[in-house]
Amino acid sequence: MCPATTSTAPAAPSEDGAALLAGLNPEQAAAVVHSGGPLLIVAGAGSGKTRVLTHRIAWLIRERAADPMGILAITFTNKAANEMKERVGALVGERLVGITRDAEGRMRPRRWGGMWVSTFHAACARLLRDEAPRLGYDRSFTIYDADDAARLAGLCIKDLGLDPKRVTPRGVAHAISAAKNDLVDFDTYALRADNWYERQIADVYRLYQERLHRASAFDFDDLLVKTVELLQLYDDVLAAYRERFAHVLVDEWQDTNRAQYELVRLLAREHRRLTVVGDGDQSIYRFRGADVRNILDFDKDFPDATRITLARNYRSTQTILDTANAVIAHNVGRIPKRLWTDEGAGAPVVRYTADNEHDEAAFVAEEVSRLAERDEVPSGDCAVFYRTNAQSRVLEETCIRLGVAYQIVGGTRFYERREIRDLLAYLRVLVNPADDVSAKRVLNVPRRGIGARTEEALDLFAGREGGSFLAACRRAEENHLLAPRAVGAVTDFVRLLDGLRTAVDAGELALRDIVELVWRRTGYMAELEAERTVEALGRAENLRELAGVAEDFTSLQPDATLGEFLERIALVTEQDSFDADGSRLTLMTMHNAKGLEFEVVFIVGMEDSVFPHHRSLGEPEELEEERRLCYVAMTRARRRLYLTNAWSRTLFGGTSANPPSRFLKEVPAELVEARSADHARPGPRAVGRQGADDGLGVGDRVLHPTFGPGRILEIGGRPGNEEALVRFDEYGAKRLLLAYAPMIRR
DNA sequence: ATCTGGAATCTTTTT
DNA sequence: GATTCCAGAT
């Protein structure tokens with residue numbers, strides 16, 4: 001479309017180099033060989049951008065004699081990183097990029113040498129392992145995830161004596177995270193705070209950051225923020241990394257936030273050997289701080305940048321592309337771009353309108369079976385995408401009932417399970433005794449008779465002495481606030497940890513043995529097994545799986561330390577464990593679908609207020625993001641695309657009838673074939689809430705399943721979160737959230 | 001200190 | 001609907 005002209009590519013590539021360009025279209029080839037200044041590759045969905053990136057890296061190594069050690073490539077997931085490393089390895093030789101393999105041929109990441117290919121977070125964590133002392137953090141720092149961050153925020157709220165009802169841990173953690181994504185420190189935040197709530201947050205933010213530092217812990221955002229801080233603060237460090245990373249390449253540029261942008265700018269500002277790849281139409285992480293402007297404004301920040309657009313699609317049929325093109329064309333804030341292919345029109349898009357979510361799930365499951373039976377498409381090449389995780393349950397149940405094998409990606413994640421977090425918290429305390437959040441987590445888990453009063457007394461002591469929580473435990477007998485029995489219990493706890501640490505420090509134990517030792521010595525496993533409930537046995541099973549994960553990790557990285565294991569766990573994502581399995585249908589959220597592709601894609605729940613999500617309906621910017629999400633989802637499909645909606649749907653404990661998604665109306669009718677399933681039958685129209693417009697009003701008589709009949713006296717609260725004051729005939733006045741209360745008008 | 005059951009709370013999406 | 005929270009009992 002618009003080939004790079006500023007490139008100063010060598011007149012004739014070597015024979016070797018020519019092979020790298022074979023099979024590439026002119027734009028792709030131009031992107032591969034480009035040299036001289038920053039390069040922005042606008043890569044439409046399915047335009048072969050991974051191929052371009054890998055070939056470009058190979059080109060740099062082979063034709064430009066770039067040192068693989070001097071290449072920093074940033075990907076969106078660890079899985080993508082490994083794939084990229086492997087693909088580059090296949091082009092230039094695995095030894096060059098730092099891949100080694102074990103006896104079974106599995107890729108084994110080498111700790112030293114080779115290219116840096118990883119996510120932003122993993123790269124920063126790796127960098128900080130070396131440089132943390134400069135910032136006054138221990139090298140064995142802990143990484144706090146969202147849950148830990150909320151816990152810590154909760155502790156800070158408590159210590160500041162704020163009302164946890166008005167200033168919630170999660171709310172604060174979210175606000176702090178948003179600030180950090182934007183590189184706003186607590187001083188700046190405090191200055192900008194112009195209302196009561198923000199001033200409270202500012203106070204918590206300050207204390208929160210102090211606590212993190214004392215615990216030698218970085219939260220997720222800190223990995224980025226502190227790396228930026230490090231590079232801004234120390235010229236010699238910046239110079240060293242600039243020199244080291246002679247080439248910087250970033251994938252999924254449209255989903256970078258301010259902190260990531262700044263990091264890239266710092267590293268590449270001088271040498272300007274920067275390649276970014278992205279597609280503004282696929283920006284779907286605004287809520288996480290991604291700034292679309294990073295891609296829209298790239299030319300402003302790097303005026304000498306070359307822009308190459310890849311619009312030729314190698315994945316989907318023209319029908320699917322036309323569908324996606326038509327939908328995304330409704331967005332105002334975008335650079336126009338039209339995907340095309342010469343693969344032909346292919347099958348029409350199938351529309352199915354279900355009675356309810358059960359009918360919808362049955363349609364999907366039956367269609368998947370039918371495609372498999374007719375040998376058209378194996379189930380493993382089909383995927384179902386939904387907007388929210390809550391929608392997966394009915395799909396799962398239906399698949400089980402109809403005997404369709406499936407795998408689910410996302411949802412409640414393994415590492416978020418309580419028992420896993422408990423055990424990891426023990427491991428974290430062993431590695432980093434200053435980690436107060438983890439220490440408090442395990443203080444009384446399993447129960448050992450240490451309650452809230454004891455914890456408070458220990459906290460006070462720690463605050464007075466300025467030491468860690470664990471240090472306060474260690475000096476329990478000096479603590480006058482503690483009853484003798486509590487002193488005994490706390491001392492036992494300290495002994496337990498010391499015993500574990502001695503065993504670990506001896507260096508004889510494999511990671512797996514350490515995991516087992518923890519659950520044995522703490523009595524955690526014994527307690528679960530004694531409980532004999534299905535749930536407890538499941539938890540026990542999960543712990544064993546964690547031991548298995550530890551063993552796998554050791555086999556990939558034989559000399560791995562406990563700290564490295566923990567870091568790995570902190571940075572893996574759900575996507576990383578996804579393995580397209582040839583035989584099973586895949587279920588996942590649309591967000592998780594990013595970067596993947598399937599022969600057949602079902603997008604379910606295409607109703608206004610499910611998708612687009614109701615929280616986006618009033619906000620034009622949010623709605624555009626939903627539309628981009630729709631575009632991402634549609635362009636995952638290679639051959640067939642199904643779009644389904646349901647007349648009525650029970651979600652979050654309430655049934656509602658939502659109109660078909662506005663995105664459906666944006667699909668040209670001539671591309672669509674409506675399908676009515678054999679089992680289709682007119683179902684009873686559900687009586688229920690119809691979104692805010694059709695909502696209840698003051699004076700309405702209502703019926704509540706628990707409180708019975710009543711009358712609405714007033715409606716107040718924040719928009720979108722209205723609260724109704726209802727006087728129930730038998731139960732008196734209650735305040736209920738309008739959006740969630742299962743009330744109907746009568 | 002811990003257990004319990006009923007009530008309140010909340011749900012986008014996640015590196 | 002499912003988890004989390006909290007008061008009151010043990």
Side-chain angles (χ1 to χ4, degrees), chain A residues 74-81 118-125 143 145-147 150 154 164-165 168-171 174 177 180-181 219-221 223-224 251-252 255-257 259-260 283-290 385-391 393-394 409-413 415-416 418 444 446-455 483 485-486 489 570-576 588-595 605 609-617 619 622 625-626 628-630 632-633 650-655 705-707 720-721 723 731 734-742:
Chain A
I74 300 293
T75 56
F76 201 64
T77 62
N78 297 293
K79 184 166 174 262
S118 69
T119 62
F120 269 111
H121 294 268
C124 289
I143 299 171
D145 67 13
D147 187 82
K165 287 237 164 58
T168 65
R170 282 190 49 202
H174 185 84
S177 171
K180 287 184 174 179
N181 281 325
D219 66 19
F220 236 74
D221 308 300
L223 292 175
L224 306 169
D251 196 4
E252 307 286 6
D255 282 322
T256 52
N257 59 35
Q260 292 165 333
S283 168
I284 55 174
Y285 283 103
R286 208 172 74 105
F287 69 91
R288 202 172 76 190
F385 303 153
Y386 36 82
R387 180 63 179 80
T388 64
N389 282 305
Q391 288 167 258
R393 228 193 70 236
V394 177
V409 181
T412 356
R413 278 177 276 277
Y415 296 109
E416 281 170 19
R418 194 179 48 190
N444 195 35
R447 310 252 122 83
R448 49 176 74 92
I450 305 177
R453 282 180 68 97
T454 305
E455 189 182 323
R485 213 168 49 177
L571 298 175
V572 296
T573 70
E574 197 58 32
Q575 276 248 326
D576 298 329
M588 61 169 78
T589 63
M590 296 180 210
H591 282 88
N592 269 323
K594 177 169 157 163
S609 93
V610 174
F611 183 49
H613 195 272
H614 75 93
R615 292 175 71 137
S616 72
L617 289 179
E619 287 285 327
E622 301 255 326
E625 172 134 329
E626 297 279 307
R628 290 192 292 268
L629 187 55
C630 185
V632 168
T650 304
L651 208 55
F652 305 135
T655 302
T706 321
F707 303 127
N721 201 30
E723 218 176 40
Y731 290 82
K734 302 251 178 234
R735 284 194 181 276
L736 304 162
L737 273 186
L738 211 48
Y740 297 111

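Bear in mind that the values here come from a model prediction, so they are computed numbers and not experimental data. Residue numbering restarts at 1 for every chain, and letters A, B, ... go by the order of the sequence lines.
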**Item:** Steps toward side-chain hydrogen bond (donor to acceptor under 3.5 Å, both in side chains) verdict (A:T388, A:Q391)
**Value:** CA-CA 6 Å; A:T388 64; A:Q391 288 167 258; 3.2 Å; yes
**Request:** Start with the C-alpha gap between A:Y285 and A:F76, add the side-chain angles, then the distance that decides, and say whether ring pair (Phe, Tyr, Trp, His ring centres under 6.0 Å) holds.
**Result:** CA-CA 12 Å; A:Y285 283 103; A:F76 201 64; 5.3 Å; yes
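Of the possible donor and acceptor atoms, one in the side chain of A:E625 sits under 3.5 Å from a partner among the backbone N and O of A:R286. With A:D255 contributing its side chain and A:I284 its backbone, the two residues share a donor-acceptor pair below 3.5 Å. A side-chain donor-acceptor contact under 3.5 Å links A:N78 to the backbone of A:L571.
Among the atoms of the strands shown, only primed sugar atoms or phosphate atoms (P, OP1, OP2) are found under 4.0 Å from some heavy atom of A:A452. If you check every strand for non-hydrogen atoms under 4.0 Å, A:R628 touches nothing. When heavy atoms are screened at a 4.0 angstrom cut-off, A:E622 is found touching base atoms of the nucleic acid. Residue A:F76 is in sugar-phosphate contact alone, with no base atom involved, counting any heavy-atom pair closer than 4.0 Å across all strands shown. Looking at heavy-atom distances under 4.0 Å, A:F611 makes no contact with the nucleic acid at all. Backbone-only engagement by A:N444 is indicated by non-hydrogen atom pairs under 4.0 Å involving sugar-phosphate atoms exclusively. Residue contacts for A:S616: at a heavy-atom cut-off of 4.0 Å it reaches no nucleic acid atom on any strand shown.
Between B:dT15, C:dA2, B:dT14, one nucleotide has an atom nearer to the side chain of A:R393 than all others, and that is C:dA2. Closest to the side chain of A:R447, out of B:dT15, B:dT14, B:dC3, is B:dC3. Side-chain atoms of A:T454 lie closest to B:dA1 of the nucleotides B:dA1, B:dT14, B:dT13.
Atom pair A:K594:NZ and B:dT15:C1' shows a separation of 10 Å (rounding to whole Å applied). Protein atom CG of A:D221 is 16 Å distant from nucleotide atom P of B:dT14, rounded to whole Å. Following rounding to the nearest Å, A:D147 (CG) and B:dT14 (P) show an atom-to-atom distance of 16 Å. With rounding to whole Å, A:D219 atom CG is found 15 Å from B:dT14 atom C1'. Straight-line distance from the CD atom of A:E416 to the P atom of C:dT3: 13 Å, rounded to whole Å. Computed from coordinates, the A:Q391 CD to C:dA2 C1' distance equals 16 Å when rounded to whole Å. If you measure from atom NE2 of A:H613 to atom C1' of B:dC10, you get 11 Å, rounded to the nearest angstrom.
Considering only side-chain N and O atoms, A:R170 lies nowhere under 4.0 angstrom from the phosphate OP1 or OP2 of B:dT9. Using a 4.0 Å cut-off, some side-chain N or O of A:T589 falls inside it from OP1 or OP2 of B:dT14. Checking the phosphate oxygens (OP1, OP2) of B:dT14, a side-chain nitrogen or oxygen of A:N592 falls inside 4.0 Å. Contact between the side-chain N/O atoms of A:N389 and the OP1/OP2 oxygens of B:dT14 is found at a separation under 4.0 Å.
For the side chain to side chain contact (heavy atoms under 4.5 Å, CB included) test, residues two or more places apart in sequence or in another chain that qualify with A:Y415 are A:I420, A:L424, A:L546, A:V549, A:I569, A:V572.
Taking the six-membered ring where the residue is Trp, A:H591 and A:F287 present perpendicular rings, their angle passing 60° and hence far from 30°.
Put simply, the side chain of A:E252 does not reach to within 4.5 Å of the side chain of A:T75, judged on heavy atoms.
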**Asked** What dot-bracket string describes DNA chain B from 5' to 3', counting Watson-Crick and G-U wobble pairs whose defining distances are under 3.5 Å, with [ ] for crossing pairs and | for pairs to another strand?
**Response** ||||||||||.....
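Counting distance only, with no hydrogens placed and no angle test, the side-chain atoms of A:H121 and the base atoms of B:dT15 include a donor-acceptor pair under 3.5 Å.
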